[in-house]
Chemist: 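Here it is, the structure in full.
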Amino acid sequence: MLIQDSISEIIQDYLINNLPEKTNINLQNKIEIPQNTNYGDISSTAPLALSKVLKKAPLILAEELQKLLAEKLQNLSEIEIIKPGFINFKLKPKAYREILEYFNKNENLITKLQSDKNNQKLLIEFVSANPTGDLHLGHGRGAVFGSSLANLLKTIGQNIITEFYINDAGEQINKLGLSAWNLYKPDQAFDGVDQYPAELIQPYLSDLEPNLNLEELTDIVKNRILNKQKEVLKNIKVEFDGWFSEKNELHQNNCLEKTFKLLESKNLTYQKDNALWLKSSELGDERDRVLIKSENKKPTYLAGDIAYHVHKFGRADNLLDIFGADHQGQELSLKVALKALGYDDTKFQILFIQFVSLLRNGTEVKMSKRNGSVITIEEVLDEVGADAFRFMLLLSNINNKLAFDIDLAKKADDQNPVFYVQYAHARACSILRNACQDLFKEQDLENIKPEILDLIMSESLSDREKQSTKDLILKLSFFNHEVHRAAESLNPSALAHYLIDIANKFHSFYGACKVINPDNKNLSLARLALIKTFKGIMQKGLEILIIHAPEKM
RNA sequence: GCGCUUGUAGCUCAGUGGAUAGAGCAACCGCCUUCUAAGUGGUUGGCCGCAGGUUCGAGUCCUGCCAAGCGCGCCA
């Protein structure tokens, strides 16, 4: 077991023994690597955090824990209590060797979540762009975030399905059809209709049969656009378990009618001005909403969205939607309607992604979805590649608007974080390759004896060697913890930042410690074990974020 | 006007109610006869938007204000 897990287990036991009822305090978050080296190698604020629930002064609590920890843990050289209630731990050199041993022995870098969440199915919907045009950078951010998050949650054992909702019914599709028709048969063009710009539609009109009717044409163009979207998503490594068509799966299965009937039976609808209304203001919405339009008797977007979510609840226990910030207006109406239909509102969550703008030559180009000057995923991807595209979009929290600096993403040097991280991985691979070429065989790195691993922190090393080794090993030992933290807060960008952090510690180690040294083969072996651990963790981290971990650069 | 999100170093951003608020870039001074210099060591740089409040303790929680982005359709 890793040292921080042992500490947290002992404190947890203490908590159980001293507190009759169950508590939900997450001790993992109370044990960390302190910023300041004066506060030990690992430190904990557990006494401060637990003082209230245990109704005990933090300092007294700290002393009791100190005694307990000192009895049970052999790898601590010092347990210091600092007022008002910190416990700071210093590790014996042996502890670092034990972390390395742990990683050598354990294939599974990440533990599965122990929770009933694992038995529940979570359906994550993201991107869900209209099939009426190319995907833009904002869709790209949603796609990258959603795919990374889904992968992150799968990694800790959650049951996840991902879905793209195809909005292939409604006004926007009509508009698409008419726009296409006017270019397809200019002599029979419809006058006075709202149209998409010709340059956006034209690329999808090649090689058409001559005598299509409007419906056939609309269908063909829509499918071509959708296929293009799928292709672009695939190019940024985004795939979905399901593609849900509003037209074919929602409308043709009477899902809307069923939903209307259910709402009607709960006396939540009424007719007014020739339209069907939902009494959403009664349910907590700002005002009532239209479900069926008066003019053409077709359902509104909201009506379809409610029915779609009912459909999703039939297939999953929990729902997570990832939408662009411009969709926030629909949240309240949707939530109150679903609650009225009897669905638990704690099982349905929407995350909103703030906008992306493009920074080129230091000038910001804001995107606007409807004005024709959209910046597509494709044009950015062509310049920077999938890895940089994904990493740059992941770095910033989705609650912040993001300026995608295309010049930075194209740079192949230390300024570009994705290169920094990938370079660290490639560098580690290179050292392992070289080591196995001349000095060692692959098997030599398999079961390295404890007394050899001990050399990694031996007395004779310089302070800089010891410090950089400690920093790297400790940081690596928190990988599982960081993955779980990122998953819990639905925030894959925290993992991206962690990877930058370990890359930084690794480069530092590399600068301080010569690894391959024929004059000290045992120290070389110990350090190779560390590099192998680093490589495995970096590779796994990048894999979760769906970014390539190159062996060579 | 109402709602959501944001405001932290010159820039881009981390920051889980705890200690002296961190990183990268930029600027400045160093490091290649050494395993990938696509790298690294160091220095400089902060009314954490403002004002109150809760707390033993607030960048973090609450209230008000200021500023920015987005939203407030029988569009989707």
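To find a chain, count down the sequence lines: A is the first, B the second, and so on, and within it residues start at 1. Computed over heavy atoms, backbone and side chain alike; hydrogens, waters and symmetry mates excluded.
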Chemist: Would you please name every residue forming a salt bridge (Lys or Arg N to Asp or Glu O under 4.0 Å) with A:Lys521, sequence neighbours left out?
Modeler: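 Partners of A:Lys521 by the salt bridge (Lys or Arg N to Asp or Glu O under 4.0 Å) criterion come out as none, since no residue qualifies.
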
Chemist: Please identify each residue that fulfils side chain to side chain donor-acceptor pair (under 3.5 Å) with A:Tyr301, with sequence neighbours left out.
Modeler: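 A:Tyr301: no side chain to side chain donor-acceptor pair (under 3.5 Å) contacts found.
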
Chemist: Rounded to whole angstroms, how far apart are NZ on A:Lys514 and P on B:U40?
Modeler: 18 Å

Chemist: Please list, by residue number, the residues of residues 515-523 of chain A whose heavy atoms come closer than 4.0 Å to an atom of RNA chain B; answer none if no residue qualifies.
Modeler: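 Only A:Val515, A:Ile516 qualify.
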
Chemist: What nucleotide, of B:A19, B:U36, B:C74, holds the atom closest to the side chain of A:Tyr423?
Modeler: B:U36

Chemist: Does some side-chain heavy atom of A:Phe126 sit less than 4.5 Å from a side-chain heavy atom of A:Ile353?
Modeler: no

Chemist: Among the candidates B:A38, B:A76, B:G71, find the nucleotide nearest to the side-chain atoms of A:Phe419.
Modeler: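 Given the options B:A38, B:A76, B:G71, the side chain of A:Phe419 is closest to B:A38.
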
Chemist: Considering only B:A37, B:C35, B:C70, which nucleotide approaches the side chain of A:Phe355 most closely?
Modeler: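 When the side chain of A:Phe355 is considered, B:C70 is the closest of B:A37, B:C35, B:C70.
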
Chemist: Go through B:A76, B:U20, B:C35 for me and flag the one nearest to the A:Asn38 side chain.
Modeler: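 The answer is B:U20.
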
Chemist: Whole angstrom is fine here: how far is it from CD1 in A:Ile33 over to C1' in B:G22?
Modeler: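 Spelled out: CD1 on A:Ile33 to C1' on B:G22 is 14 Å.
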
Chemist: So what does A:Cys513 touch, heavy atoms closer than 4.0 Å: a base, only the sugar-phosphate, or nothing?
Modeler: base

Chemist: Given 3.5 Å as the limit, does a donor-acceptor pair link the side chain of A:His548 with the main chain of A:Ala386, or not?
Modeler: no

Chemist: For RNA chain B, what string of dots and brackets results from 5' to 3' when Watson-Crick and G-U pairs need both distances under 3.5 Å, crossing pairs get [ ], and pairs with another strand get |?
Modeler: (((((((..((((....[...)))).(((((.......))))).....(((((..]....))))))))))))....

Chemist: State, without any angle test, whether A:His327 and A:Asp321 hold a side-chain donor-acceptor pair at a distance under 3.5 Å.
Modeler: no

Chemist: Toward the 5' end of RNA chain B, which comes first, A:Pro58 or A:Phe509, by nearest nucleotide?
Modeler: A:Pro58

Chemist: Check every strand shown and say whether A:Ala426 touches a base, only sugar-phosphate, or nothing at a heavy-atom separation below 4.0 Å.
Modeler: base

Chemist: Checking A:Glu331 now: which residues fulfil salt bridge (Lys or Arg N to Asp or Glu O under 4.0 Å) with it, not counting sequence neighbours?
Modeler: A:Lys335

Chemist: Tell me which of A:Glu246 and A:Pro550 sits closer to the 5' end of RNA chain B, going by the nucleotide each one is nearest to.
Modeler: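 It is A:Pro550 whose nearest nucleotide is closer to the 5' end.
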
Chemist: Please list, chain by chain and in numerical order, all residues satisfying side chain to side chain donor-acceptor pair (under 3.5 Å) with A:Ser493, sequence neighbours excluded.
Modeler: A:Asn491

Chemist: Nucleotide by nucleotide, 5' to 3', does protein get under 4.0 Å of the base (B), only the sugar-phosphate (S), or neither (-) in nucleotides 6-14 of chain B, counting heavy atoms?
Modeler: S------SS

Chemist: Categorize A:Asn88 for me: base, sugar-phosphate, or nothing, with a 4.0 angstrom heavy-atom threshold over every strand shown.
Modeler: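 A:Asn88: base contact, heavy atoms under 4.0 Å.
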
Chemist: Using a cut-off of 4.0 Å on non-hydrogen atoms, how would the nucleic acid contact of A:Asn36 be classed: base, sugar-phosphate, or nothing?
Modeler: base

Chemist: When rounded to the nearest 0.5 angstrom, what is the spacing between CZ in A:Phe506 and CG in A:Leu499?
Modeler: 14.0 Å

Chemist: Measure from the side-chain N and O atoms of A:Asn397 to the backbone N and O of A:Asn399, and report whether any donor-acceptor pair falls under 3.5 Å.
Modeler: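 Yes; judged by distance alone, with no hydrogens or angles, the pair exists.
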
Chemist: Hey, does A:Lys83 reach any base, or is it just sugar-phosphate, or nothing, if we go heavy atoms under 4.0 Å?
Modeler: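 Result for A:Lys83 = nothing.
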
Chemist: For B:C47 versus B:C65, give the span between their P atoms, rounded off to a whole number of Å.
Modeler: 25 Å

Chemist: Could you work out the separation of B:U43 and B:U6 based on their P atoms and round it to a whole Å?
Modeler: 34 Å

Chemist: For A:His311, what residues pass the ring-ring contact (aromatic ring centres under 6.0 Å, His included) criterion, not counting sequence neighbours?
Modeler: A:Phe244

Chemist: Write down the distance between CD1 (A:Ile60) and P (B:C56), rounded to a whole number of angstrom.
Modeler: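 Between P of B:C56 and CD1 of A:Ile60: 17 Å.
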
Chemist: Please identify each residue that fulfils salt bridge (Lys or Arg N to Asp or Glu O under 4.0 Å) with A:Asp273, with sequence neighbours left out.
Modeler: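 Counting only residues at least two positions away or on another chain, A:Asp273 forms no salt bridge (Lys or Arg N to Asp or Glu O under 4.0 Å).
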
Chemist: Name the nucleic acid region contacted by A:Ala169, choosing base, sugar-phosphate or nothing; use a 4.0 angstrom heavy-atom cut-off, strictly under.
Modeler: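 Sugar-phosphate contact only.
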
Chemist: Expected output is a numbered-order residue list: members of residues 274-294 of chain A with a heavy atom under 4.0 Å from any atom of RNA chain B. What is it?
Modeler: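 RNA chain B contact set from residues 274-294 of chain A: A:Ala275, A:Trp277, A:Glu286, A:Arg287, A:Val290, A:Lys293, A:Ser294.
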
Chemist: Indicate whether OP1 or OP2 belonging to B:G41 is found under 4.0 Å from a side-chain N or O atom of A:Ser508.
Modeler: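 Affirmative; the distance criterion is met.
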
Chemist: What pairs with A:Glu125 under salt bridge (Lys or Arg N to Asp or Glu O under 4.0 Å), at least two apart in sequence or on another chain?
Modeler: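 A:Glu125: salt bridge (Lys or Arg N to Asp or Glu O under 4.0 Å) contacts with A:Lys312.
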
Chemist: Determine whether the aromatic ring of A:Tyr420 stacks with the base of B:A38, defined as ring centroids separated by less than 5.5 Å and ring planes inclined by less than 30°.
Modeler: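 Here the ring of A:Tyr420 and the base of B:A38 are not stacked, as the 5.5 Å and 30° limits are not both satisfied.
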
Chemist: By the salt bridge (charged side-chain N to carboxylate O under 4.0 Å, His left out) test, which pairs, at least two apart or in different chains, include something from residues 477-496 of chain A?
Modeler: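 Residue pairs with at least one partner in residues 477-496 of chain A: A:Glu482-A:Arg485.
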
Chemist: Give one of base, sugar-phosphate or nothing for A:Gln467, where a contact means two heavy atoms less than 4.0 Å apart.
Modeler: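 Result for A:Gln467 = nothing.
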
Chemist: Could you state the NE2-P distance from A:His425 to B:C35, rounded to the nearest angstrom?
Modeler: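 Going from NE2 in A:His425 over to P in B:C35 covers 20 Å.
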
Chemist: In Å and rounded to the nearest 0.5 Å, what is the CD1 to CG distance from A:Ile42 to A:Leu474?
Modeler: 5.5 Å

Chemist: Taking only the side-chain nitrogens and oxygens of A:Asn167, find out if one of them lies under 4.0 Å from OP1 or OP2 of B:C75.
Modeler: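 Negative; the distance criterion is not met.
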
Chemist: Using OP1 and OP2 only, check whether a side-chain N or O of A:Thr45 sits under 4.0 Å from B:G18.
Modeler: no

Chemist: If anything within 90° of 0 is syn and all else is anti, what is B:C62?
Modeler: anti

Chemist: Determine the interatomic distance between C1' on B:C70 and the same-named atom on B:C74; round to the nearest Å.
Modeler: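 Rounded to whole Å, the distance is 23 Å.
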
Chemist: So that I can tick it off, tell me whether A:Glu63 and A:Lys56 are bridged by a salt bridge, with the cut-off set at under 4.0 angstrom between side-chain N and carboxylate O.
Modeler: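 No, this pair does not count.
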
Chemist: Would you say A:Lys410 has more than 12 foreign heavy atoms packed within less than 6.0 Å of its NZ?
Modeler: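 Above 12, so yes.
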
Chemist: Look at the side-chain N and O atoms of A:Tyr510 and state whether any lies under 4.0 Å from the OP1 or OP2 oxygen of B:A37.
Modeler: yes

